[in-house]
Amino acid sequence: MNQINRVAIVGGTHGNEFTGAYLIQKFAQFPDLITRSSFETVTLLANPNAFAAGRRYVEKDLNRCFLKQDLQDPTLSSYEELQAKSIQDILTSNRDKQADFILDLHSSTANMGLTIILVNSHPFNLQLAAYLSQINPLVRIYRCSFKSIAENPFVNSLCELGFAFEVGPVAQGLLKATLFQQTEELVYALLDYLERFKQGKISSTNETLILYDHLSVVDYPKKQDGTIFGMIHPELQDKDYQALNPGDPVFLTFDDQTILYEGISTVWPIFINEAAYYEKGIAMCLTQRQQINI
C-alpha cells in the first residue's frame, strides 16, 4: 500500500451524473486542489460523449462494461465497450502510469446521502472508509462485494484499492451545490488521508465500522408483459438506510392497494426509486446492517 504512487479520480462514468463530471472539470482547471506531495493525482472524464449529450450512456451502461472477459473480447465494439477498453489502457496498461487507487464519483436520484460503495473488502479500503465515516457522520458504507475481480463490471474492478462515492438525492442532469461541496470535501479528505498514510503518519488501530451489506434487489410490481402496476409506497420513499420490517408497506399499486414487505427479517433498503434503475428492473436494493471490527 506504500506503493500508492498514482491516484485516479474518475467522474462522468454516467454522463447525466453531473456532480462527478463537473468536479473533474474543476480539478482539471485547478489542479492544485488535488495535488499532494507524495503521489500523483490524475482525473478522467470517463464518458465524454454521454456527458455532452446529457445522457447516462450512449449505447450501454459504461459502469457495466469492465468485466475482465468483456475487456478481453475483441468482438465487443459499442461506444461504451470501446471506451471501457480505452480506460483500462489509460489506468492499467503502463506500469509507470497505472492507477494504484481509483475513486469513481457518482450521484443518485435516490436519497443516498453520502455513500461509499465498496466492491471489495481490502483492509486498506475498509480503514479509509472507516476514517471518512468518522470525520463525517453523514457518510454511510455500502458493501457490494464480488467473489473476484473477474466478476466485477464496475470501473473499480481495474484496481484493488479504491471505491466509489454515491451522493444524492439529485436529479439527473442537475447540479446541487450542497452535494457538490460535500463530495468535494470528501475527495480532499480522502487525498489527505492517502498523503498522511504515505508519510507514515497514520497508525493502525482497532476500529469498528457500520456496513450495509448487499443482500438482493427488488423489482417493481409488474404484469406478465413487464408493465409496472405499482410504485414505491409513500411511507418508504426517501427512507434509504432506514429499517424495513416484515409487514411494512413497500409498494402502492395504481388501484391503491398496499403491498407489504414479506421478508422474515428486518432489512435496510437503499437506492429506493433510483431513476436509472427502472430499466434494470430494480426498485431498491436490500441490505443487512452490521458492525464489524477492522
Side-chain angles (χ1 to χ4, degrees), residues 1-15 17 19-48 51 62-72 80-106 116-129 131-132 144-146 148-166 183-184 186-199 202:
M1 287 176 290
N2 283 323
Q3 301 304 312
I4 299 177
N5 297 315
R6 194 167 189 246
V7 174
I9 304 176
V10 181
T13 303
H14 295 132
E17 295 179 7
T19 303
Y22 278 100
L23 273 173
I24 293 300
Q25 291 193 349
K26 177 173 181 175
F27 297 152
Q29 185 177 358
F30 304 105
D32 287 351
L33 293 172
I34 56 173
T35 299
R36 300 295 184 272
S37 63
S38 63
F39 55 85
E40 178 189 11
T41 307
V42 298
T43 59
L44 177 65
L45 181 64
N47 199 332
F51 175 60
L62 177 59
N63 210 33
R64 304 297 185 272
C65 291
F66 290 89
L67 283 172
K68 186 175 181 180
Q69 65 192 45
D70 293 344
L71 292 170
Q72 297 174 346
E80 273 83 11
E81 287 164 342
L82 294 177
Q83 190 68 7
K85 294 174 183 178
S86 174
I87 291 170
Q88 180 191 38
D89 289 341
I90 293 170
L91 297 182
T92 70
S93 63
N94 186 332
R95 175 169 289 276
D96 294 331
K97 291 294 185 180
Q98 73 178 16
D100 303 305
F101 187 100
I102 297 176
L103 174 64
D104 191 22
L105 304 178
H106 289 263
I116 293 171
I117 299 182
L118 294 172
V119 296
N120 67 61
S121 294
H122 191 288
F124 186 78
N125 291 337
L126 291 172
Q127 291 167 13
L128 177 51
Y131 168 76
L132 293 175
C144 183
S145 296
F146 296 88
S148 68
I149 291 178
E151 296 180 13
N152 181 351
F154 303 150
V155 174
N156 281 110
S157 71
L158 298 177
C159 188
E160 190 173 30
L161 299 184
F163 41 64
F165 287 162
E166 184 85 53
T183 305
E184 185 177 5
L186 276 181
V187 171
Y188 299 150
L190 181 150
L191 295 175
D192 290 343
Y193 181 96
L194 296 180
E195 175 89 322
R196 291 196 299 274
F197 180 84
K198 287 276 291 185
Q199 296 171 346
I202 293 179

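Computation of the quantities below employed the complete heavy-atom set of this structure, encompassing side-chain atoms and omitting hydrogens, waters and symmetry-equivalent molecules.
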pair Gln127-Tyr193: side-chain heavy atoms closer than 4.5 Å: yes
Roughly how far, to the nearest 0.5 Å, is the CG atom of Leu91 from the CD1 atom of Ile102? 5.0 Å
If we only count heavy atoms from C-beta on, is the Ile24 to Ile9 side-chain gap below 4.5 Å? yes
About how many Å separate CG of Leu33 and OG1 of Thr43, when rounded to the nearest 0.5 Å? 11.5 Å
Picking from Val7, Val10, Val187, Leu191, what satisfies side-chain contact (heavy atoms from CB on, under 4.5 Å) with Leu103? Val187
In terms of heavy-atom contacts, Ala84 and Cys65 come closest through CB-O, 3.6 Å
Without swapping roles, check the side chain of Asp70 against the backbone of Glu81 for a donor-acceptor pair under 3.5 Å. no
Residues in salt bridge (Lys or Arg N to Asp or Glu O under 4.0 Å) contact with Glu195, at least two apart in sequence or another chain: none
So Phe39 and Phe101, ring pair (Phe, Tyr, Trp, His ring centres under 6.0 Å) or not? Walk me through it. CA-CA 11 Å; Phe39 55 85; Phe101 187 100; 8.9 Å; no
Quick one: closest heavy-atom pair of Ala189 and Leu132, and the distance? CB-CD2, 3.8 Å
Within the 4.5 Å heavy-atom criterion, are Asp192 and Arg36 side-chain neighbours or not? yes
Which heavy atom of Lys85 sits nearest a heavy atom of Leu71, and at what distance? CE-O, 3.7 Å
Report the distance from atom NE2 of His14 to atom CG of Leu105, rounding to the nearest 0.5 Å. 12.5 Å
Worked check of side chain to side chain contact (heavy atoms under 4.5 Å, CB included) between Leu190 and Leu128: CA-CA 8 Å; Leu190 181 150; Leu128 177 51; 3.9 Å; yes
Check whether any side-chain heavy atom of Leu23 lies under 4.5 Å from a side-chain heavy atom of Phe27, and answer yes or no. yes
According to the interplanar angle, ranging from 0 to 90°, do the rings of Tyr22 and Phe51 count as parallel (below 30°), tilted (30 to 60°) or perpendicular (above 60°)? perpendicular
Nearest-0.5 Å distance that lies between atom OG in Ser157 and atom CG in Leu67: 7.5 Å
Give the minimum heavy-atom separation between Gln199 and Ser37, together with the two atoms involved. NE2-OG, 3.8 Å
Looking at side-chain heavy atoms only, is the closest gap between Phe146 and Pro153 below 4.5 Å? yes
Side chains of Asn47 and Glu80 only: does a donor on one sit below 3.5 Å from an acceptor on the other? yes
Which heavy-atom pair separates Ala164 from Asn156 by the least distance, and what is that distance? N-OD1, 3.7 Å
Among Lys198, Glu40, Gln98, the one residue meeting side-chain hydrogen bond (donor to acceptor under 3.5 Å, both in side chains) with Asn5: Lys198
Residue that, paired with Leu161, satisfies side-chain contact (heavy atoms from CB on, under 4.5 Å) out of Leu194, Asn125, Asp100: Asn125
Return the CD1 to CZ distance between Ile4 and Phe197, rounded to the nearest 0.5 Å. 6.0 Å
Please assess Phe154 against His106 for the test side chain to side chain contact (heavy atoms under 4.5 Å, CB included), listing each intermediate value before the final yes or no. CA-CA 12 Å; Phe154 303 150; His106 289 263; over 6 Å; no
So do the side chains of Asn63 and Val155 get within less than 4.5 Å of each other, counting heavy atoms only? yes
Fit a plane to each ring of Phe163 and Phe165, take the angle between them on a 0 to 90° scale, and name the class: parallel (under 30°), tilted (30 to 60°) or perpendicular (over 60°). tilted
For residues Tyr188 and Glu184, is any side-chain donor paired with an opposing acceptor at under 3.5 Å? yes
Do the side chain of Gln83 and the main chain of Ala46 share a donor and acceptor less than 3.5 angstrom apart? yes
With Asp104, which of Leu158, Thr13, Val119 fulfils side-chain contact (heavy atoms from CB on, under 4.5 Å)? Thr13
Close side-chain approach of Leu82 to Ser86, heavy-atom, < 4.5 Å: no
Write down the atom of Leu45, the atom of Ala21, and the distance for their closest heavy-atom approach. CD1-CB, 3.9 Å
